[in-house]
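Quick notes on the structure that follows.
None of these values were measured; they are calculated from a predicted model. Throughout, a chain's letter reflects where its sequence line sits, starting with A, and its residues are numbered from 1.
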Amino acid sequence: MLARSELPPDTTELARYLIGKVVVRTTPEGVLSGRIVETEAYPVGDAAGHAYRGETARTHALFLDRGHAYVYLAYGVSWMLNVSSEAAGVGAGVLIRALSPLEGIATMQRNRRIQNLRDLARGPGRLAAALDIDRRVDGIDLCRRGPLWIARDAGDTPDDTPDVGTSTRIGLSQEAQRLLRFYVRGDRFVSGPKALNR
DNA sequence: AGTGCGATTGACT
DNA sequence: GTCAATCGCACTA
């Protein structure tokens, strides 16, 4: 499990820091997990961020201390998993965009109703569906063991650092030019157009 | 109360 | 490559 004190207290640094960490979901079906291979930062003052116009019922979790889950429904279709990223009362977050599946792959395949490993958790809505994430886990503390938390892979070593690329964020009409997306170069579980993944 | 549109996806050409 | 699905905000009146 990650201690809150080790999370960089800055949204953009946290987005970079979370690459390579592991999202763990515990359900009655068993443990589901995947390594984070793609994130996006939505820092303070970002017009594309949900916290930009202040706290509302929906965005409450973005204003919790860093390391809490903010989960919302996009386009009425897909759930999005974010990690709150600043001090309590300050609204900002990191969107988790893709996972490399680790544990519980058969259950994820059932949750997604597909077999193809590459498409299981490649994209924010897909990863939420694979891990059975929805509003039930909104506001959960990801720095405590529970239904949803973030871990460091047991196999990680300091010299095992992935090659992380930076690009513009995906699907935005505002603040579209800012380089706030982070991804593992060459990883087949990263989403987005080829041009953004060099 | 009505409107516009979004941090997406899957089906289809 | 195009496009509809589907829902809940945020905003206007």
Q. Is the shortest side-chain N to carboxylate O distance from R122(A) to D119(A) below 4.0 Å?
A. yes
Stem ranges of DNA chain B by first residue number, counting only runs of at least 3 Watson-Crick or G-U pairs under 3.5 Å, come to B:1-6 with C:7-12, B:8-12 with C:1-5
Min and max contacting nt of DNA chain B in 5' to 3' order, chain A heavy atoms within under 4.0 angstrom, are dG6(B) to dG10(B)
Exercise for the section: Using a strict 4.0 Å threshold on nitrogen-to-oxygen distance, state whether E6(A) and R152(A) make a salt bridge. Expected result: yes
Check for me, please, whether L64(A) and L7(A) land in the same ILVMFWY cluster - side-chain distances under 4.5 Å, paths through other members count. no
Is there a donor-acceptor pair closer than 3.5 Å between any side-chain N or O of T27(A) and the backbone N or O of G30(A)?
-> yes
Can a donor-acceptor pair be found between the side chains of N197(A) and R181(A) at a distance below 3.5 Å? yes
Heavy-atom nearest nucleotide on DNA chain B taken for S173(A) and for G123(A); more 5' hit belongs to S173(A)
Side-chain atoms of residues 92-106 of chain A: list all donor-acceptor pairs with protein atoms under 3.5 Å, sequence neighbours left out, distances to 0.1 Å.
residue	atom	partner	partner atom	Å
R97(A)	NE	E38(A)	OE2	2.9
R97(A)	NH2	S191(A)	OG	3.3
E103(A)	OE1	S33(A)	OG	2.6

- Query: Taking 4.0 angstrom as the limit, do D46(A) and R169(A) come out as a salt bridge?
  - Reply: yes
Rounded to whole Å, CD of E55(A) lies from P of dA10(C) at a distance of 11 Å
Salt bridge between E13(A) and R16(A), side-chain N to carboxylate O under 4.0 Å?
no
Inter-nucleotide C1' distance (dC3(C), dC5(B)), Å rounded: 16 Å
Under a 4.0 Å heavy-atom cutoff, the residues of residues 56-67 of chain A touching DNA chain C are T56(A), R58(A)
The test is salt bridge (Lys or Arg N to Asp or Glu O under 4.0 Å); show your working for R4(A) and D141(A) and say whether it passes.
CA-CA 10 Å; R4(A) 198 180 319 285; D141(A) 185 355; 2.7 Å; yes
Can you confirm whether the side chains of T11(A) and E86(A) place a donor and an acceptor under 3.5 Å from each other?
yes
Practice item. Test the R35(A)-F189(A) pair against the cation-pi criterion, namely NZ or CZ under 6.0 angstrom from the six-membered ring centroid and within 45° of the ring axis. Key: no
Residues in residues 75-95 of chain A with a heavy atom under 4.0 Å of DNA chain C, by number, are Y75(A), G76(A), V77(A)
Between CG of D134(A) and P of dC7(C) the distance, given in whole Å, is 14 Å
Check your understanding: Which part of the nucleic acid, if any, lies within contact of R112(A), taking any heavy atom under 4.0 Å across all strands shown: a base, the sugar-phosphate backbone alone, or nothing?
Key -> sugar-phosphate
**Asked** Less than 6.0 Å separating the ring centroids of H50(A) and Y72(A)?
**Response** yes
By side chain to side chain donor-acceptor pair (under 3.5 Å), R118(A) pairs with (sequence neighbours left out) none
